[in-house]
2 protein chains.
Amino acid sequence: MTIRLVIADDQALVRGALAALLGLEPDIEVVAELGDGTGVADAVVELAADVAMLDVEMPGLDGISAAAAVRRASPSCRVLMVTTFGRPGYLKRAMQAGASGFVVKDTPARQLAEAVRRVHRGLRVVDPVLAAESLTSGDSPLTEREADVLRAASDGGTVADIAKAAMLSEGTVRNYLSAAMAKTGGRTRAEAVRLAEDNGWLL
Amino acid sequence: MTIRLVIADDQALVRGALAALLGLEPDIEVVAELGDGTGVADAVVELAADVAMLDVEMPGLDGISAAAAVRRASPSCRVLMVTTFGRPGYLKRAMQAGASGFVVKDTPARQLAEAVRRVHRGLRVVDPVLAAESLTSGDSPLTEREADVLRAASDGGTVADIAKAAMLSEGTVRNYLSAAMAKTGGRTRAEAVRLAEDNGWLL
DNA sequence: AAGCACTCATGACATTTGTCATCCCGGATG
DNA sequence: CATCCGGGATGACAAATGTCATGAGTGCTT
């Protein structure tokens with residue numbers, strides 16, 4: 001009995017290559033390839049998939065939300081997250097969303113099929129390096145608004161821009177930015193954005 | 001007679017998957033997989049490769065430099081660049097470095113093998129969307145130092161940090177930043193960094 | 001009911017940025 | 001030879017940013 005696998009990744013090249021690689025395994029059958037997160041839950045139900053392999057960074061519905069949707073729609077289907085960037089914060093969020101595994105894209109290719117089998121068996125698969133980082137980095141210290149403001153600041157606009165985007169007064173924006181800088185340890189707005197992003201605190 | 005292909009990409013998962021996908025083609029033989037750009041030229045010579053598939057973003061030697069190295073070491077070997085981000089500036093730089101093709105990672109998987117065959121035949125393969133963007137975006141307006149300073153600014157440090165990193169006076173740094181902001185159209189330092197990065201003007 | 005954390009806002013203040021004029025030097029380029 | 005361009009620097013000035021104290025309202029705990 002083969003493992004029925006659904007793959008979702010926004011980069012078509014990666015998605016296709018991944019499907020080809022895993023399709024070679026005799027015990028794995030790739031039943032669907034999606035380019036974004038929106039249709040994943042439906043596909044899992046419709047095709048009675050056993051495992052869903054999801055990229056964290058995707059247009060439309062992101063991987064974390066898609067994972068939660070899959071778990072809701074089909075609790076018997078395991079979720080394996082695959083990501084380009086090993087942001088510590090992502091790991092915890094993904095696990096809370098019901099993922100069974102979390103690997104980064106520079107893990108050796110042969111380990112991937114094994115990871116799929118493990119999560120299918122109900123085991124958890126977590127990149128050990130990432131797990132360690134996740135423990136040291138801990139939870140996000142940012143409040144929702146602080147994260148919102150940092151996100152709005154991430155494309156480099158002025159305080160006025162951010163205030164407009166977040167529907168806040170300029171003074172308030174500066175306060176939140178100041179708080180975010182203190183909590184992240186950044187000395188400038190841009191540094192705070194970078195640090196928060198690297199930790200996966202901005203979603 | 002098969003096409004002897006060398007693949008270099010820093011993400012092991014992608015690299016392996018790509019190799020698996022292309023290895024399925026009867027007329028393509030993957031003779032080497034590398035994780036960075038440093039050994040590519042040597043590998044191409046040693047293995048008498050016909051085509052080198054290189055990622056632009058790699059640790060150590062970047063893809064553009066690796067492409068130039070390959071062309072120098074073995075002019076008969078064609079280079080196909082593959083990139084995650086469709087930065088217009090990369091395209092021109094890659095072509096100037098001697099690449100024959102340039103595709104982004106979200107092109108359909110089946111077109112990839114065809115792209116390899118095309119560059120092997122001596123044809124050029126360029127993502128049409130990217131080609132158009134490249135024309136509108138044009139050359140980098142930044143001088144070398146301006147780009148240096150922007151790069152140093154890209155991790156969010158203060159003017160003092162940048163000055164130290166670039167061995168310049170703080171006033172000079174501010175002048176270069178000001179010039180870079182004017183040329184990129186950014187209204188803040190961070191925005192200028194983002195715009196320059198998006199255009200592929202920072203390497 | 002009191003305490004606490006989060007949200008939103010002002011106003012005042014010291015720094016930091018961004019802008020501009022101006023200078024010197026060296027290498028192209030006319 | 002003169003001129004222009006890039007690299008490097010200084011000083012002055014206006015605007016933006018970062019910091020802090022303070023206040024008020026909401027909602028959740030204990």
Side-chain angles (χ1 to χ4, degrees), chain A residues 89 92-93 96 138-203, chain B residues 89 92-93 96 138-203:
Chain A
K92 174 165 291 185
R93 305 275 303 281
Q96 284 168 349
D139 267 349
S140 170
L142 302 172
T143 69
E144 253 185 82
R145 282 297 168 285
E146 285 162 359
D148 283 348
V149 171
L150 266 196
R151 252 187 299 279
S154 67
D155 51 359
T158 65
V159 171
D161 295 338
I162 303 168
K164 208 172 300 169
M167 305 260 289
L168 291 172
S169 95
E170 300 195 9
T172 304
V173 168
R174 295 209 303 230
N175 287 341
Y176 282 140
L177 285 176
S178 192
M181 287 162 65
K183 288 178 180 178
T184 56
R187 274 134 63 251
T188 68
R189 191 188 317 189
E191 199 173 7
V193 166
R194 203 175 52 76
L195 290 166
E197 256 174 5
D198 286 354
N199 281 306
W201 291 338
L202 299 187
L203 215 220
Chain B
K92 175 165 292 185
R93 306 273 305 279
Q96 284 167 349
D139 267 347
S140 171
L142 303 172
T143 67
E144 254 186 79
R145 284 298 169 283
E146 285 162 359
D148 283 347
V149 171
L150 265 195
R151 252 188 301 277
S154 66
D155 52 359
T158 66
V159 171
D161 295 337
I162 303 168
K164 208 171 301 171
M167 304 261 290
L168 291 172
S169 97
E170 300 195 9
T172 305
V173 168
R174 297 213 304 245
N175 287 340
Y176 282 140
L177 284 175
S178 192
M181 288 161 64
K183 289 179 179 178
T184 56
R187 274 134 62 252
T188 67
R189 194 190 315 194
E191 199 173 7
V193 167
R194 204 177 52 76
L195 290 166
E197 255 173 7
D198 285 354
N199 281 306
W201 291 338
L202 298 188
L203 215 225

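Both backbone and side-chain heavy atoms feed into the values below; hydrogens, waters and symmetry mates do not. A note on names: the letters A, B, ... follow the listed sequences, proteins ahead of strands, and every chain is numbered from 1.
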K.L.:
Would you compute the distance between atom CG of N175(A) and atom CD of E170(A) and round it to the nearest 0.5 angstrom?
P.N.:
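With rounding to 0.5 Å, CG (N175(A)) is 12.0 Å from CD (E170(A)).
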
K.L.:
With rounding to the nearest 0.5 angstrom, report the CG to CZ distance, D139(A) to R93(A).
P.N.:
10.0 Å

K.L.:
Going by the rule salt bridge (charged side-chain N to carboxylate O under 4.0 Å, His left out), which residues pair with E191(A) if we only count those two or more places apart in sequence or in a different chain?
P.N.:
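Only R187(A) meet the salt bridge (charged side-chain N to carboxylate O under 4.0 Å, His left out) criterion with E191(A).
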
K.L.:
Does W201(A) form a side-chain contact (heavy atoms from CB on, under 4.5 Å) with L150(A)? I'd like the steps, not just the answer.
P.N.:
CA-CA 10 Å; W201(A) 291 338; L150(A) 266 196; over 6 Å; no

K.L.:
Between the protein and nucleotides 4-7 of chain D, list every N/O to N/O distance that falls short of 3.5 Å.
P.N.:
{"from": "dG7(D)", "atom 1": "OP1", "to": "R145(B)", "atom 2": "N", "distance (Å)": "3.4"}
{"from": "dG7(D)", "atom 1": "OP2", "to": "T143(B)", "atom 2": "OG1", "distance (Å)": "2.8"}

K.L.:
Bend across the helix from dA1(C)-dT30(D) to dG30(C)-dC1(D), to 10°, with axes taken over 5 pairs at each end?
P.N.:
30°

K.L.:
Mind checking what makes side chain to side chain contact (heavy atoms under 4.5 Å, CB included) contact with A153(A), not counting sequence neighbours?
P.N.:
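A153(A) satisfies side chain to side chain contact (heavy atoms under 4.5 Å, CB included) with I162(A), L177(A), R189(A), V193(A) once adjacent residues are dropped.
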
K.L.:
Who pairs with D148(A) by salt bridge (charged side-chain N to carboxylate O under 4.0 Å, His left out), at least two apart in sequence or on another chain?
P.N.:
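Once residues adjacent in sequence are excluded, the partners of D148(A) under the salt bridge (charged side-chain N to carboxylate O under 4.0 Å, His left out) criterion are R145(A), R151(A).
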
K.L.:
Please lay out, stage by stage, how L142(B) and T184(B) fare under the test side-chain contact (heavy atoms from CB on, under 4.5 Å).
P.N.:
CA-CA 8 Å; L142(B) 303 172; T184(B) 56; 4.3 Å; yes

K.L.:
Which heavy atom in E197(B) sits nearest to a heavy atom in S154(B), and how many Å separate them?
P.N.:
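So the minimum-distance heavy-atom pair works out to OE2-CB, 4.2 Å.
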
K.L.:
Quick one: pull up CG in D161(A) and OG1 in T158(A) and give me the separation to the nearest 0.5 Å.
P.N.:
3.5 Å

K.L.:
So, OP1 or OP2 of dA9(C): does either fall under 4.0 Å of a side-chain N or O from T172(A)?
P.N.:
yes

K.L.:
Quick one, which residues of residues 193-201 of chain B touch DNA chain D with a heavy atom under 4.0 Å?
P.N.:
none

K.L.:
Could I get the full list of side chain to side chain donor-acceptor pair (under 3.5 Å) partners for S178(A), not counting sequence neighbours?
P.N.:
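Per chain and number, S178(A) pairs via side chain to side chain donor-acceptor pair (under 3.5 Å) with no residue.
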
K.L.:
Who passes side chain to side chain donor-acceptor pair (under 3.5 Å) against T188(A), sequence neighbours left out?
P.N.:
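With sequence neighbours excluded, T188(A) shows a side chain to side chain donor-acceptor pair (under 3.5 Å) to no residue whatsoever.
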
K.L.:
Spell out protein contact along nucleotides 25-30 of chain C as letters: B when the base is contacted, S when just the sugar-phosphate is, - when no protein heavy atom is under 4.0 Å; keep the 5' to 3' order.
P.N.:
------

K.L.:
If the condition is side chain to side chain contact (heavy atoms under 4.5 Å, CB included), which residues does A182(B) pass it with, not counting sequence neighbours?
P.N.:
none

K.L.:
Would you compute the distance between atom CG of L195(A) and atom CE of M181(A) and round it to the nearest 0.5 angstrom?
P.N.:
10.5 Å

K.L.:
Looking only at heavy atoms, what is the nearest atom pair of A190(A) and G156(B), with distance?
P.N.:
CB-CA, 3.7 Å

K.L.:
Summarise how protein sits on nucleotides 14-20 of chain D as a single string, 5' to 3': B when a protein heavy atom is under 4.0 Å from the base, S for sugar-phosphate-only contact, - for no contact.
P.N.:
---BBBB

K.L.:
Listed by chain and number, what are the side chain to side chain donor-acceptor pair (under 3.5 Å) partners of D155(B), not counting sequence neighbours?
P.N.:
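Residues passing side chain to side chain donor-acceptor pair (under 3.5 Å) with D155(B): none at all.
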
